[in-house]
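Reading through the structure tokens given below for one structure.
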4 protein chains.
Amino acid sequence: MAGSVNKVILVGNLGRDPEIRRMGSGDAVVNLNIATSESWRDKQSGERKEKTEWHRVVIFNENLAKIAEQYLKKGSKVYVEGQLQTRKWQDQSGQEKYTTEIVLQRFRGELTLLDGRSGPGGDSEEYGQGGGNDFGRSDFGRSSPLEAPRGGGRQPAPATTSSYAADLDDDIPF
Amino acid sequence: MAGSVNKVILVGNLGRDPEIRRMGSGDAVVNLNIATSESWRDKQSGERKEKTEWHRVVIFNENLAKIAEQYLKKGSKVYVEGQLQTRKWQDQSGQEKYTTEIVLQRFRGELTLLDGRSGPGGDSEEYGQGGGNDFGRSDFGRSSPLEAPRGGGRQPAPATTSSYAADLDDDIPF
Amino acid sequence: MAGSVNKVILVGNLGRDPEIRRMGSGDAVVNLNIATSESWRDKQSGERKEKTEWHRVVIFNENLAKIAEQYLKKGSKVYVEGQLQTRKWQDQSGQEKYTTEIVLQRFRGELTLLDGRSGPGGDSEEYGQGGGNDFGRSDFGRSSPLEAPRGGGRQPAPATTSSYAADLDDDIPF
Amino acid sequence: MAGSVNKVILVGNLGRDPEIRRMGSGDAVVNLNIATSESWRDKQSGERKEKTEWHRVVIFNENLAKIAEQYLKKGSKVYVEGQLQTRKWQDQSGQEKYTTEIVLQRFRGELTLLDGRSGPGGDSEEYGQGGGNDFGRSDFGRSSPLEAPRGGGRQPAPATTSSYAADLDDDIPF
DNA sequence: TTTT
DNA sequence: TTTT
């Protein structure tokens, strides 16, 4: 539409382990079920109440899909940024259904693990020291591996996709 | 869930005039249909493509509902901030359906008109002079009218709810 | 300006305990020092690098100030939402200085504790069971305590300020 | 820090034309001065008040820099998404100063023109037809031009960097 | 310095 | 159904 923004920001916990599907192209697509909730005290009864909202997140972004696959699990607390998409489908009986999802497209979206210590079981020295389980705002996606990360002038070396992508193949990305 | 965030930010245009429903309590609930879209050039065909996403926005926030009712119309460009909620309902045939909406709860959410000149048709002197079609981050809601807007210390007079609430009763709030 | 948005979203850790100042009015104003950081692997050296950015957060919002005062401490991980404000001041030598802060005005902003277990030392049963250390998007501020939290129609009871405000006086708000 | 988020979202107007600097590498770096403001009615005096906040935005992202250079001008209304960075510098007298900016790093950030019709002066046919002055969430950056925009599976062709990057070289990107 |  |  020209001049539009479609952004969802969630901080919540995975209700179950990530679900990974493999596309024909070999790319992984990861689905997350994320719960957010609010609690309050009911004015009348004085009771504490809580309402949980479940969100369906779909990750097409390759880097983030890999990371989700490797490091997220049931209970993980994450920061997710994506866009809303509603798709139509038909159930077995031919009924039209609509599902709204938070989508992290290729080269788009962000996913950050917020648990104190969420890396791989063993927890490598890398991870322990290196710091940063912000596994990459995958905005960087698969940007040209030929592109040296010169950065933005006076900024210190910026976090480019290239380095993240490389990391994913040989060691822990955060 | 403790420590969760559920936030949607949209900038888009209304596909039709706002729909107003009156609750038993007399409160208005406003529904907006907002379009966001992205465009890109297809690599293969070289054609320009565009995909529009439609969002259903529900405003329970009283101040924002009034404002939406008065100043928004088909085509208006708005900034909306709310939270995702999915509700279950049954269609006429008893089929279970789910609808996901961006909800602006009472005292919650934001709604800002982004059109250059979007006030009421004639454009009142109030509006012309008053300035600001940022019709109030309705966070202020109907907070205590007994509360003087002393502000935050060194800040210049802050925009408090009180003043907004007052405005709503006697004149145009912006 | 009419139609403007000024929003900052941070997820980071406190570099030191909150600093509380008491205003003439008796209201508390809380300052937080929050660190965010990014890490990446340097293309040339192959080394892991990390850059930390420090943010100065000022909380005028009374509910959130109380909560920050009570439950945040050095190292706490928080989600903060506020607005950017730059103010001018003079140092001892009369030099003009500018400081940019993330401000949570009265009735505005959000503050959510993201640590797994961040409540008060003893940890009440309330807290343990009730869930929710999302201590209230303080949008609710001090909205009218005379206002029953009827909610937004079909929504389940919404989290209103009233209940939160009440909580703060007699028990743990989350 | 591991698990951090540093995000600024602004909707405001340019106080003056973009300032372009050319780096040694030939890359352009663009500075924007953006105003956001809030207005309210003073409780005591009954007067309308307004406070404007000025923001310094720095664009290192190459695509967005080009676009800012070409299409933004004094008065333009824009949506900007970047991150906070504070840098230290010395004025002529050797005094230490700090400046906080909203930075759009390479491959990062977003910039969307919100004016109804803000394209190039003459308004090319391309622009008129092409649609979309959402000039690309430059997340796409300069990602590999060898990467075909296959998209995210069932999604319709997604907006990939590739197409945007290509556009920038031969015609108007929106 | 913008915008309303 | 909007917008460009």
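For the pair B/W40 CH2 and F/dT4 P, the computed distance is 19 Å after rounding to whole Å. Across the protein-nucleic acid pair, B/K73 atom NZ and F/dT2 atom C1' stand 13 Å apart, rounded to whole Å. The interatomic distance linking D/K77 (NZ) with E/dT4 (C1') rounds to 8 Å, in whole Å. Here E/dT2 presents its P atom at 15 Å from CG of D/L32, a figure rounded to the nearest Å. The interatomic distance linking D/Y79 (OH) with E/dT2 (P) rounds to 25 Å, in whole Å. Taking atom OH on D/Y71 and atom P on F/dT4, their separation rounds to 17 Å, with Å as the unit. Atom P of nucleotide F/dT3 and atom CG of B/L10 are separated by 17 Å, given to the nearest angstrom. The distance from atom CZ of D/R56 to atom P of E/dT1 is 16 Å, rounded to the nearest whole Å.
A donor-acceptor contact shorter than 3.5 Å is absent between the side chain of D/N13 and the backbone of D/A35. Looking only at distances, no side-chain donor or acceptor of B/D17 sits under 3.5 Å from a matching main-chain atom of B/K73.
Picking from F/dT1, F/dT3, E/dT2 the nucleotide with the shortest atom distance to the side chain of B/N13 gives F/dT3. Which of F/dT2, F/dT1, E/dT1 sits closest to the side chain of B/R16 comes down to F/dT1. Considering only the side chain of B/W54, F/dT1 comes nearest among F/dT3, E/dT2, F/dT1. Taking every side-chain heavy atom of D/E50 into account, E/dT4 is the closest of E/dT4, F/dT1, E/dT1.
Between B/K74 and F/dT2 there is a side-chain polar atom (N or O) within less than 4.0 angstrom of OP1 or OP2.
Considering only heavy atoms from C-beta on, B/I34 comes within 4.5 Å of B/L14 through its side chain.
In this view, D/E53 and D/K51 satisfy the salt bridge (charged side-chain N to carboxylate O under 4.0 Å, His left out) rule, not counting sequence neighbours. The side chain to side chain contact (heavy atoms under 4.5 Å, CB included) test applied to C/Q95 returns C/D91, C/S93, C/K97, D/D91, D/Q95, D/K97, not counting sequence neighbours.
A donor and an acceptor atom never sit less than 3.5 Å apart when one is taken from the side chain of C/S4 and the other from the base of E/dT3.
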